[in-house]
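What follows is a set of notes on a single structure, which appears directly below.
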Amino acid sequence: MIKVADLNIPVIEDLDINNKKVLLRIDINSPVDRKTGKLLDDSRIKAHAETVKELLDRGNSLVIISHQGRPGDDDFISLEEHSKILSKYVGKEIEFVDDVIGPYARERISKLGKGEAILLENVRIVSEELIEAPPQQQSKTFLVKKLAPLVDYYVNDAFATAHRSQPSLVGFPLVKPSAAGRIMEKEVSALSKIFNKEDSPKVFVLGGSKVSDTLKIIEHLSKNRVADRILTGGLVAELFAVAKGINLGKTNMQVLESKGLLSLVPRARKILLSGAPLEIPVDFIVEKPNGELSSEPENNVTGTIKDIGPTTVEIYSSFIKEAKVITLRGPMGVIEDERFRVGTKSLLKASIESPGYVIIGGGHMISMLDKDVEINPNKIHVSTGGGALLLFLAGDKLPALEALHMSWVMNSGKS
Ligand SMILES: Nc1ncnc2c1ncn2[C@@H]1O[C@H](COP(=O)(O)OP(=O)(O)OP(=O)(O)O)[C@@H](O)[C@H]1O
Ligand SMILES: O=C(O)[C@H](O)COP(=O)(O)O
């Protein structure tokens, strides 16, 4: 059992999860090369192999579900490649089933033998999965009604998606005895231990393209006075620059417009007015129409922004060097193109070389960590979570954890 605030979260030992049929929700959502459609990084897949192996060793048969990307985005792809990589790390075939709630998937689940494991197709092809709602409502979805009767237990190992109140994360615990998987258990236990409110200054490096999510995170960090400094990059930084009245030029405004981000300017402006301790880049690496790269000051941008510039790296690194805890999520640049990784890699290096404790989250951000960096738990925590990590650190109760607690109360009669 793990305790988080007033929640009791059951773990695998708290239920008799042996020789049964288990529905396992993992988060193997991974960065995808936009040109080839291939996975750029398999850290999350490798991390979840531990829980898969343990449940199989306990004689269970597994129905594994996960999402990849979001409908309409380039990285919204099939999980077929993921199943091959997961098989490699587990050391046993994890059969890909090209279905989720249809008759083919249900028949395959019914016929699963002891020690067998299947990975169903991207759960977000089921439209209900995109709707966030309370667990009570989610337990009545087709996803839950079609799959729950076919299994004995539900195990949620998807810490990185624990902030989503979607059916695959909060719907099953109300109808099945449920527990946290090993990744969920480790992340929640480690983060609860290492992240003490009194440790300061706390610096957050927030970049990437999930701007709406990040605004919510910054609102919570600021409201709960968790962050002493927020250093922005990626599209997050561009939005705040516009909110500050900086003219980023036609091309970058078109990029923001095309992603529907300009409608968030008033919300970003409100955050600035609230006194959030937020920094934006003073220079950017831009790509000119002729393909040339150059660094331009934030008040005279003419090219397409692709990364933060050298002066910004210096300024941000000076904050990082003074921090007690540094949390980084979301890259500073378009890291799919290796020319635009300097900002992200420089801040990761400054963090690791600083005296502070480093927490790294986010699929793309983790992929930028040099493979030869020693992950000493006394210095670094590499989280599988991105948005989930930050909302947890901001003090939010994650819906998936609350659902596991509710399952425990319902099945054990204890609170
Ligand atoms: N200046 C920029 N312009 C356009 N895209 C950018 C820019 N900077 C970063 N990005 C994009 O941000 C994306 C990663 O953002 P994202 O928020 O998903 O980060 P992450 O570390 O994967 O976190 P999570 O795991 O929560 O998704 C990359 O695809 C990258 O190309
Ligand atoms: O990468 C992540 O942060 C998780 O997989 C959640 O993905 P989402 O932001 O698309 O829900």
Side-chain angles (χ1 to χ4, degrees), residues 199-248 252 256 261 264-265 267-286 295-301 305-335 340 342-356 358-362 365 368 386 390 393-394:
D199 285 347
S200 70
K202 288 189 177 67
V203 169
F204 286 76
V205 179
L206 303 181
S209 59
K210 292 180 179 172
V211 182
S212 177
D213 282 358
T214 308
L215 290 186
K216 176 181 176 187
I217 288 161
I218 292 172
E219 285 160 349
H220 288 224
L221 288 172
S222 191
K223 174 169 63 66
N224 301 337
R225 300 191 181 291
V226 170
D228 296 293
R229 231 347 150 252
I230 298 171
L231 311 177
T232 62
L235 289 175
V236 174
E238 293 186 41
L239 182 82
F240 278 104
V242 172
K244 279 191 155 191
I246 292 165
N247 175 6
L248 291 181
N252 298 303
L256 293 171
L261 296 178
L264 296 172
V265 168
R267 191 174 167 192
R269 199 166 282 143
K270 213 165 144 212
I271 289 172
L272 291 168
L273 289 172
S274 71
L278 192 133
E279 301 288 336
I280 65 165
V282 294
D283 62 344
F284 294 102
I285 297 296
V286 302
S295 70
E296 295 181 335
E298 41 92 12
N299 59 0
N300 184 23
V301 175
I305 295 171
K306 296 286 187 183
D307 197 359
I308 58 174
T311 309
T312 302
V313 168
E314 260 180 60
I315 294 170
Y316 282 11
S317 299
S318 62
F319 280 117
I320 287 169
K321 286 193 184 82
E322 301 304 319
K324 190 102 187 302
V325 183
I326 307 108
T327 302
L328 306 99
R329 178 268 185 148
M332 299 293 102
V334 184
I335 51 128
F340 308 122
V342 174
T344 304
K345 284 189 170 285
S346 304
L347 297 189
L348 277 170
K349 184 169 181 289
S351 301
I352 289 161
E353 290 173 355
S354 78
V358 184
I359 301 173
I360 303 169
M365 185 55 106
M368 288 294 98
L390 288 154
L393 296 181

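Throughout, numbering of the chain's residues begins at 1 and tracks the sequence. Note that the structure is a prediction, hence the values are computed from the model and not measured.
- Between the side chain of Arg269 and the backbone N or O of Ala243 there is at least one donor-acceptor pair closer than 3.5 Å.
- Here the closest heavy-atom approach between residue Ile326 and residue Gly356 is recorded as CD1-CA, 4.0 Å.
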Determine, stepwise, if the pair Ile218 / Phe204 fulfils side chain to side chain contact (heavy atoms under 4.5 Å, CB included). CA-CA 9 Å; Ile218 292 172; Phe204 286 76; over 6 Å; no
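- Remark: Asn252 CG to Glu238 CD distance equals 5.0 Å, nearest 0.5 Å.
- Looking at Leu348 and Met365, their side chains come closer than 4.5 Å, going by heavy atoms from C-beta outward.
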Practice task
Evaluate the criterion side chain to side chain contact (heavy atoms under 4.5 Å, CB included) for residue pair Val265 and Leu256; output intermediate values, then yes/no.
Solution key: CA-CA 10 Å; Val265 168; Leu256 293 171; over 6 Å; no
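- In this structure a side-chain-to-backbone donor-acceptor pair under 3.5 Å is missing from Asp199 to Lys324.
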TODO: Assess whether side chain to side chain donor-acceptor pair (under 3.5 Å) is satisfied between Asp228 and Ser200, documenting all intermediate values.
DONE: CA-CA 7 Å; Asp228 296 293; Ser200 70; 4.6 Å; no
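- With contacts defined as side-chain heavy-atom distances shorter than 4.5 Å, the pair Leu215/Leu239 qualifies.
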| task | List the steps and the verdict of side chain to side chain contact (heavy atoms under 4.5 Å, CB included) for Glu322 and Val203. | result | CA-CA 9 Å; Glu322 301 304 319; Val203 169; over 6 Å; no
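- Of the charged side-chain nitrogens involved, at least one lies within less than 4.0 Å of a carboxylate oxygen, so that Arg267 and Glu219 count as a salt-bridged pair.
- Using a 4.5 Å cut-off on side-chain heavy atoms (C-beta onward), Thr232 and Pro281 make contact.
- Listed here is the closest heavy atom pair of Ser295 and Ile285: CB-CD1, 3.8 Å.
- Contact annotation: the side chain of Leu390 approaches that of Leu206 to within less than 4.5 Å [non-hydrogen atoms, C-beta and beyond].
- The two atoms that bring Val286 and Val301 nearest to each other are CG1-CG1, 4.1 Å, heavy atoms only.
- With Val205 as the fixed residue, the side-chain contact (heavy atoms from CB on, under 4.5 Å) test singles out one of Ile230, Thr344, Thr327, Ile320: Ile320.
- Of all the heavy atoms in Ser222 and Pro277, the pair that sits closest is OG-CD, 4.3 Å.
- Side-chain contact between Ile246 and Ile280 is present, with heavy atoms from C-beta onward closer than 4.5 Å.
- Looking only at distances, a side-chain donor or acceptor of Thr312 sits under 3.5 Å from a matching main-chain atom of Asp283.
- The shortest non-hydrogen separation linking Lys244 to Leu272 is CG-CD1, 3.6 Å.
- Under a 3.5 Å cut-off, the side chain of Lys345 and the backbone N or O of Met368 do form a donor-acceptor pair.
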Task: Ile271/Phe240 under side chain to side chain contact (heavy atoms under 4.5 Å, CB included): CA gap, chis, key distance, verdict - done: CA-CA 9 Å; Ile271 289 172; Phe240 278 104; 4.0 Å; yes
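- Residues Val313 and Ser346 share a closest heavy-atom pair of CG1-CB, 3.6 Å.
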